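Down below is the structure, laid out as structure tokens.
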There are 2 protein chains.
Amino acid sequence: MPAEKQLGQRAQRKAQRPQEILEAAFEEFVERGYVATRVEDVARRVGVTKGTIYFYFETKERLFEEMIRHISVPFSDISANAKNLSGSYSERIRMFIRLLYDRIVMDRNTRELLRFVLTEGSRFPQVVDRHHEEFIVPFKAAARDILEAGVAAGEFRDGPVIKIPDAAIGATMMLSVWQMLFADRKPQDVEAFFEAHVDVILNGLIAKG
Amino acid sequence: MPAEKQLGQRAQRKAQRPQEILEAAFEEFVERGYVATRVEDVARRVGVTKGTIYFYFETKERLFEEMIRHISVPFSDISANAKNLSGSYSERIRMFIRLLYDRIVMDRNTRELLRFVLTEGSRFPQVVDRHHEEFIVPFKAAARDILEAGVAAGEFRDGPVIKIPDAAIGATMMLSVWQMLFADRKPQDVEAFFEAHVDVILNGLIAKG
DNA sequence: TATTATTGACTGACTGACTAGTCAATGAAA
DNA sequence: TTTCATTGACTAGTCAGTCAGTCAATAATA
């Protein structure tokens, strides 16, 4: 019943501005990195002047931090998804790694977020901390849950990797890094990499008697 | 018989300077990144003034590129080492991954080189290209050699991973990245990670009948 | 050996270009 | 008419790169 508050043109614009600016900031920071990006570049991309940016964001650092927050979609949904997986534990692992590929390797925002954490982390330690809390911790927990359940069900071997699930799943990171670095000049076959990765961690290299 | 050419103090200094400068540049660029490092910072660390840097290096970009070249020890030695491995193929894989850990994860220069490639790669595409030629290509080739020989010997299963060895070995990258990001605040147990990694790719997760 | 001339590594003040952040003025919406 | 999001000229500071000048080390000469 409470009708959408009718906003004037002015108020609409004002309500939109921060998002427009944050998205422009993302593109510019991706292209040039934090230091080399001028606040004016962001402004020009939005189609306003520098003053407008400072009307909405206190400093360039604030702008960067808010941009990071804006593109971050925490992994809590991955944990949630991981809990809902069904089928054999091999299938669950396969689907879990598929989720990771879709997020870390294929999703541009998440990929660039990782790059920001790597490249600007020393300037923004809070960003690194938050990334650890929101991505790494849930990721490890979800992976360990599946592996432990798989062992309990008798489908997986018990072994050191159950306590250190990243050692099994980490090849995702290599693909992600190589996508970052070489995606344009040496395209990777992501599907083939994915299949090889799942195959080797499920079956191992050693031929079975 | 040809005695060491006796160099005067002056000539000795001049011969030493470039290395001193490159090592100081490495430290400064590691601390602050390319853009935020001032040429004067590098000079101060050496104990000279800015002019001296420009006496030896044309521009700041040149200084950075030469610094990268100075700390790069190509992986060709890894390929050579890989060829000399002996024992069962499981043991060879184990030793090969150990070599990678020693280089990528533990060796500061190589670790920071990877960081530079990631962080400054867009500014220095030649650096990225060279890294691909000198590190990635030899690395893949050496890994594939071992895997294929292992299959030929009947010790390893044939499977998609034989053609894409990075899918087996890539967890190294995750550890490396996490060392870069969280080494100070959340220390990793590198040895445990290594053991878990080798265990899972050799034996896989699935329990054997 | 003692004295003088020359070299060249090194200096540091300077220029020019660039940019984060400010704020008084503007003009379109309400 | 009032409000306020927006402008853009301005300040204050930074830093890459320059270059005329310095002086200690070396070479040449007496």
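All values below come from the heavy atoms of this structure, side chains included, with hydrogens, waters and symmetry mates left out. First the proteins, then the strands, lettered A, B, ... as listed; each starts at 1. Being a predicted model, the structure only gives us computed values, none of them experimental.
B/Tyr34 places its OH atom 12 Å from the C1' atom of D/dC15, with the value rounded to the nearest Å. For B/Phe64 and D/dA16, the CZ to C1' distance is 16 Å, given to the nearest whole Å. Atom CD1 of A/Ile21 and atom P of D/dA5 are 12 Å apart (whole Å). One atom, CZ of A/Arg32, and another, C1' of C/dA20, lie 16 Å apart when rounded to the nearest Å. Put simply, CG on A/Asp41 is 8 Å from P on C/dA20, counting in whole angstrom units. If you measure from atom CZ of A/Arg38 to atom C1' of C/dT19, you get 8 Å, rounded to the nearest angstrom. Separating the CZ atom of A/Arg44 from the P atom of C/dT19 is a distance of 10 Å, rounded to the nearest angstrom. The distance between atom CD1 of B/Ile53 and atom C1' of C/dT11, rounded to the nearest whole Å, is 12 Å.
Under the 6.0 Å distance and 45° angle rule, A/Arg123 does not count as a cation-pi partner of A/Tyr34. The side-chain tip of A/Arg185 does not point at the ring of A/Phe182 from less than 6.0 angstrom away and within 45° of straight on.
OP1 or OP2 of D/dT6 has not a single side-chain nitrogen or oxygen of A/Thr52 nearer than 4.0 Å. Remark: A/Arg17 is in phosphate contact with D/dT6, judged by side-chain N or O atoms under 4.0 Å from OP1 or OP2. Contact annotation: A/Arg10 side-chain N/O to C/dA30 OP1/OP2 distance is not under 4.0 Å. Close to C/dA9, at under 4.0 Å from its OP1 or OP2, lies no side-chain N or O of B/Tyr56.
Between B/Phe135 and B/His131, the ring planes are parallel. Angles under 30° get that label, and only those over 60° would be called perpendicular.
With hydrogens and angles ignored, a donor-acceptor pair under 3.5 angstrom links the side chain of B/Lys50 to the base of D/dG17.
For the pair A/Arg13 and B/Glu61, nearest-nucleotide mapping onto DNA chain D gives the more 5' position to A/Arg13.
Of the listed nucleotides (D/dG17, C/dT11, C/dG21), C/dT11 has the atom at the smallest distance from the side chain of B/Thr49. Distances were taken from every side-chain heavy atom of B/Phe55 (C-beta onward) to each of C/dT19, C/dC10, D/dG17; the shortest belongs to C/dC10. Among C/dT22, D/dG17, D/dT7, the nucleotide with an atom closest to any side-chain atom of A/Tyr54 is C/dT22.
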Side chain to side chain contact (heavy atoms under 4.5 Å, CB included) assessment of A/Val190 paired with A/Gln179: CA-CA 9 Å; A/Val190 174; A/Gln179 284 284 101; 4.2 Å; yes
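Checked by atom type, the side-chain pair A/Glu65/A/Gln126 shows a donor-acceptor distance below 3.5 Å.
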